[in-house]
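In the text below, chain A, chain B and the rest are named by the order of the sequence lines, each starting its count at 1. Below, each value reflects all heavy atoms present in this structure, side chains not excepted, and no hydrogens, waters or symmetry copies.
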Protein chains: 2
Amino acid sequence: MDKDLKMSNMHTTVGIIGLGLIGGSMAIDLKRRGFAQTVLGVEKDPVSAQAALTIGLVDRVVPYEECIEKADIIVVAVPVGVAVKLVPDILDRFATLSEAEALPGASLRDPVRANAPGSASASDKIVIDVCSTKTQICHAVKYHPRRKQFVGTHPMAGTEYSGPWAAQPGLFDGRACIFADSEESAPQALKTIEGLYATLNMRPVYMNAEQHDVHTAYVSHISQVTSYALALTVLDKEKDEKHIFDLASGGFASTVRLAKSNADMWVPILTQNHDNVLHVIDTYIEKMQEIRDAVSTYDEDKLRELIAEANRIKRILR
Amino acid sequence: MDKDLKMSNMHTTVGIIGLGLIGGSMAIDLKRRGFAQTVLGVEKDPVSAQAALTIGLVDRVVPYEECIEKADIIVVAVPVGVAVKLVPDILDRFATLSEAEALPGASLRDPVRANAPGSASASDKIVIDVCSTKTQICHAVKYHPRRKQFVGTHPMAGTEYSGPWAAQPGLFDGRACIFADSEESAPQALKTIEGLYATLNMRPVYMNAEQHDVHTAYVSHISQVTSYALALTVLDKEKDEKHIFDLASGGFASTVRLAKSNADMWVPILTQNHDNVLHVIDTYIEKMQEIRDAVSTYDEDKLRELIAEANRIKRILR
């Protein structure tokens with residue numbers, strides 16, 4: 001019997017560390033769609049923890065240690081600055097749990113847990129992260145003896161809102177999920193996590209961690225930065241908020257939407273992906289300067305050419 | 001009997017010059033909601049003209065001259081570079097039609113038209129524009145003897161699409177409509193056009209043409225420019241379109257959405273609003289440079305401060 005099939009027939013417990021937009025949305029669909037029979041949550045902010053329970057995102061909110069002990073799959077859904085420390089710690093704890101299991105009489109010491117359905121042995125547990133940068137986190141665990149139990153992923157979905165209140169069903173449907181350095185994970189662990197994302201209706205895309213960070217800087221991180229710069233510009237130039245409200249056609253609202261995203265998430269992304277982000281910001285400033293020069297010299301042909309080039313994005317995005 | 005009440009009970013004919021997104025969407029709702037009993041369209045592109053008829057945007061597509069002769073209200077919904085020439089020409093034609101009407105025996109020469117319901121006399125006809133810059137167009141007619149028959153407006157609504165295919169009902173609902181230099185229009189003409197936009201469920205905002213151009217540059221035009229620069233950057237850095245497609249989360253799609261907008265509309269806006277656009281681009285580049293410097297020096301406190309400031313946009317936009 002195929003092991004991942006066995007897993008799906010077992011009582012799978014998913015533990016989610018960080019019950020924000022991403023963690024909360026995963027919790028909803030993994031439970032609803034039957035991938036997880038039990039979803040445990042870890043959330044250090046008491047207000048968010050209570051909200052997650054009230055909304056019904058998770059079955060229980062448990063302490064960190066208990067989550068690692070009880071869950072078969074642990075999803076680290078916290079800002080990447082924290083995740084980069086948590087993932088190695090979780091792998092350490094897998095090792096400790098394994099040692100305890102290997103002790104003679106281990107099952108006698110905790111007879112309930114040892115026989116509980118779905119309570120994978122510590123060697124079969126998997127930890128994944130869902131962060132927007134991958135190089136540092138993959139680097140942090142590269143030589144960890146339990147590296148194979150980690151799968152680095154980046155589900156390309158989200159909104160500008162955060163917290164358990166922002167969680168929504170169907171958030172991931174139809175989007176891409178990046179698997180970073182997947183050849184360094186155990187094939188079985190990778191297969192299980194591919195199944196998890198298949199449940200979320202995500203399309204898997206494979207690349208190495210460095211490639212991931214280059215490409216996300218070029219597409220996603222620069223979008224975020226331009227949106228922040230736009231908000232800063234408008235708030236600086238337009239002192240009268242009533243004018244912003246009145247003159248904000250749908251265009252401004254959509255272009256500035258990402259500027260509502262919080263610093264906790266984005267500061268570590270921008271600093272961790274430092275080189276790629278600087279590189280793409282420099283290109284962006286050059287392009288902006290090209291447009292500026294064309295406007296400045298009333299060069300309509302050049303403007304027309306730049307806009308026609310920009311319009312090519314139509315062919316790629318619906 | 002109040003004259004605008006009389007107008008609304010008359011057989012009002014609205015002529016729309018330019019059956020694109022804005023003109024077409026106005027045509028739909030002015031007819032559906034009973035403001036116009038007849039909607040005439042003028043469209044120089046034969047494919048668009050045929051499409052407008054096929055979709056049913058207008059009752060008839062007519063030549064320019066016929067539209068001016070038959071319509072009570074003429075809406076100029078073409079790119080601002082063309083509009084700036086058309087509006088004075090239309091006012092000239094109002095003068096010519098008035099002179100013809102004043103000739104002895106005029107009603108005998110065209111007995112049908114003279115008695116047609118809703119065929120306002122040339123002195124009661126109104127022309128409006130719906131363009132995104134207002135200074136040049138208001139300047140172009142400032143000393144026109146028929147200036148009072150012109151109302152400069154800017155309905156703050158739109159999408160990134162163009163053409164009669166892009167027209168949609170309800171496009172204007174709940175948005176603001178700017179009236180520029182409204183004190184230079186005849187009170188009766190202004191009242192009629194306020195009624196037109198009330199039919200479209202728009203909220204009137206009054207400002208002078210120069211103010212309008214400053215504020216739209218600060219909010220709307222800069223959004224457009226940042227979106228073009230973003231598309232140019234991504235298309236330049238990311239040679240593999242498959243990666244753009246895969247990595248484009250909802251964030252990139254929304255931030256780059258405006259980059260699909262066409263040059264015909266935006267080249268004249270950016271060059272007509274030259275000074276304000278350059279001014280706001282310069283501020284934008286400064287803000288981008290501030291973010292760049294903070295990333296470059298790993299200054300997390302500064303980044304956090306910039307993002308917190310940008311987040312203020314949440315309080316203004318829903």
Side-chain angles (χ1 to χ4, degrees), chain A residues 156-158 176 205 215-216 218-220 223 225-235 237-238 241 243-249 251-260 263 267 270-271 277-278 280-281 283-285 287-288 291-292 295-296 298 300 303-304 307 310 312-314 316-317, chain B residues 156-158 176 205 215-216 218-220 223 225-235 237-238 241 243-249 251-260 263 267 270-271 277-278 280-281 283-285 287-288 291-292 295-296 298 300 303-304 307 310 312-314 316-317:
Chain A
M156 302 294 301
V205 176
H215 295 301
T216 50
Y218 288 179
V219 181
S220 161
S223 304
V225 170
T226 62
S227 204
Y228 284 139
L230 178 60
L232 290 170
T233 303
V234 173
L235 290 164
K237 300 305 288 180
E238 188 56 88
E241 294 186 358
H243 279 143
I244 301 181
F245 178 76
D246 282 338
L247 298 171
S249 59
F252 174 61
S254 117
T255 317
V256 85
R257 182 170 71 80
L258 299 182
K260 300 174 187 173
V267 169
L270 298 178
T271 52
V277 168
L278 287 183
V280 68
I281 288 180
T283 302
Y284 184 87
I285 292 176
K287 298 293 177 188
M288 184 56 92
I291 297 176
R292 191 205 182 281
V295 173
S296 164
Y298 295 93
E300 300 204 353
L303 261 183
R304 200 166 280 281
I307 292 177
R312 281 181 49 219
I313 206 72
K314 272 199 272 203
I316 302 170
L317 302 182
Chain B
M156 301 295 299
V205 176
H215 295 301
T216 49
Y218 288 179
V219 181
S220 160
S223 304
V225 170
T226 63
S227 204
Y228 284 139
L230 178 60
L232 290 170
T233 303
V234 173
L235 290 164
K237 301 303 289 179
E238 189 57 88
E241 293 186 358
H243 280 144
I244 301 180
F245 179 76
D246 282 337
L247 298 171
S249 60
F252 174 62
S254 114
T255 316
V256 84
R257 181 170 71 81
L258 298 182
K260 300 174 186 172
V267 168
L270 298 178
T271 52
V277 168
L278 288 183
V280 67
I281 288 179
T283 302
Y284 184 87
I285 292 176
K287 298 293 176 189
M288 183 57 92
I291 299 176
R292 191 205 182 280
V295 172
S296 164
Y298 294 94
E300 300 203 354
L303 260 183
R304 199 166 282 281
I307 292 177
R312 282 181 49 218
I313 206 72
K314 272 199 272 204
I316 303 170
L317 302 183

J.: Which value, rounded to the nearest 0.5 Å, describes the distance between A:R312 atom CZ and B:L232 atom CG?
T.: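 Taking CZ in A:R312 and CG in B:L232, the distance rounds to 9.5 Å.
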
J.: Roughly how far, to the nearest 0.5 Å, is the CG atom of A:L270 from the CZ atom of B:R292?
T.: 13.0 Å

J.: Quick one: do A:L235 and B:I316 satisfy side-chain contact (heavy atoms from CB on, under 4.5 Å)? Show the steps, please.
T.: CA-CA 10 Å; A:L235 290 164; B:I316 303 170; 3.8 Å; yes

J.: Tell me which of these, B:T255, B:V256, B:V225, B:I244, has more heavy-atom pairs under 4.5 Å with chain A than the rest.
T.: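 Option with the top pair count is B:T255.
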
J.: What is the distance from atom OG1 of A:T233 to atom CD1 of B:I285, rounded to the nearest 0.5 Å?
T.: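 One gets 9.5 Å once the value is rounded to the nearest 0.5 Å.
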
J.: Among the options A:L303, A:V280, A:V267, A:I281, pick out the one with the most heavy-atom pairs lying under 4.5 Å from chain B.
T.: A:V267

J.: Given the options B:T216, B:V234, B:L278, which has more heavy-atom pairs under 4.5 Å with chain A than any of the others?
T.: B:L278

J.: Given A:Y284 and B:T226, is the side-chain contact (heavy atoms from CB on, under 4.5 Å) satisfied, shown in steps?
T.: CA-CA 9 Å; A:Y284 184 87; B:T226 63; 3.3 Å; yes

J.: Side chain, backbone, both or neither: which part of B:L230 has a non-hydrogen atom closer than 4.5 Å to chain A?
T.: both

J.: Provide the closest heavy-atom pair for B:A310 versus A:A231 in the form atom of the first, atom of the second, distance.
T.: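 Nearest pair, atom of B:A310 first, then A:A231: O-CB, 3.7 Å.
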
J.: At what distance, to the nearest 0.5 angstrom, does CZ of B:F252 lie from CE of A:M156?
T.: 10.5 Å

J.: Dump the intermediate steps for side-chain contact (heavy atoms from CB on, under 4.5 Å) on A:H243 and B:V219, then the final yes or no.
T.: CA-CA 9 Å; A:H243 279 143; B:V219 181; 5.8 Å; no

J.: Which bit of A:V277 is near chain B, if near means a heavy-atom gap under 4.5 Å: side chain, backbone, both or neither?
T.: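 Looking at A:V277, just its side chain touches chain B.
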
J.: I'd like to know if the side chain of B:Y228 and the backbone of A:I291 have a donor-acceptor N/O pair within less than 3.5 Å.
T.: no

J.: I need the A:T283 OG1 to B:K237 NZ distance, nearest 0.5 Å.
T.: 3.5 Å

J.: Once you round to the nearest 0.5 Å, how far does OG of A:S223 lie from CG of B:L247?
T.: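 A:S223 atom OG to B:L247 atom CG measures 10.5 Å (nearest 0.5 Å).
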
J.: What part of B:V205 gets closer than 4.5 Å to chain A, counting heavy atoms only: side chain, backbone, both or neither?
T.: side chain

J.: Please enumerate all residues that pass side-chain hydrogen bond (donor to acceptor under 3.5 Å, both in side chains) together with A:R257, with sequence neighbours excluded.
T.: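 side-chain hydrogen bond (donor to acceptor under 3.5 Å, both in side chains) list for A:R257, sorted by chain: A:E160, B:S254.
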
J.: Under the side-chain contact (heavy atoms from CB on, under 4.5 Å) rule, what do B:E238 and A:H215 come out as? Steps first, then yes or no, please.
T.: CA-CA 7 Å; B:E238 189 57 88; A:H215 295 301; 2.4 Å; yes

J.: Grab the two heavy atoms, one from A:A229 and one from B:K287, that are nearest each other, plus how far apart they are.
T.: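 Heavy atoms of A:A229 and B:K287 come nearest at O-CB, 4.1 Å.
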
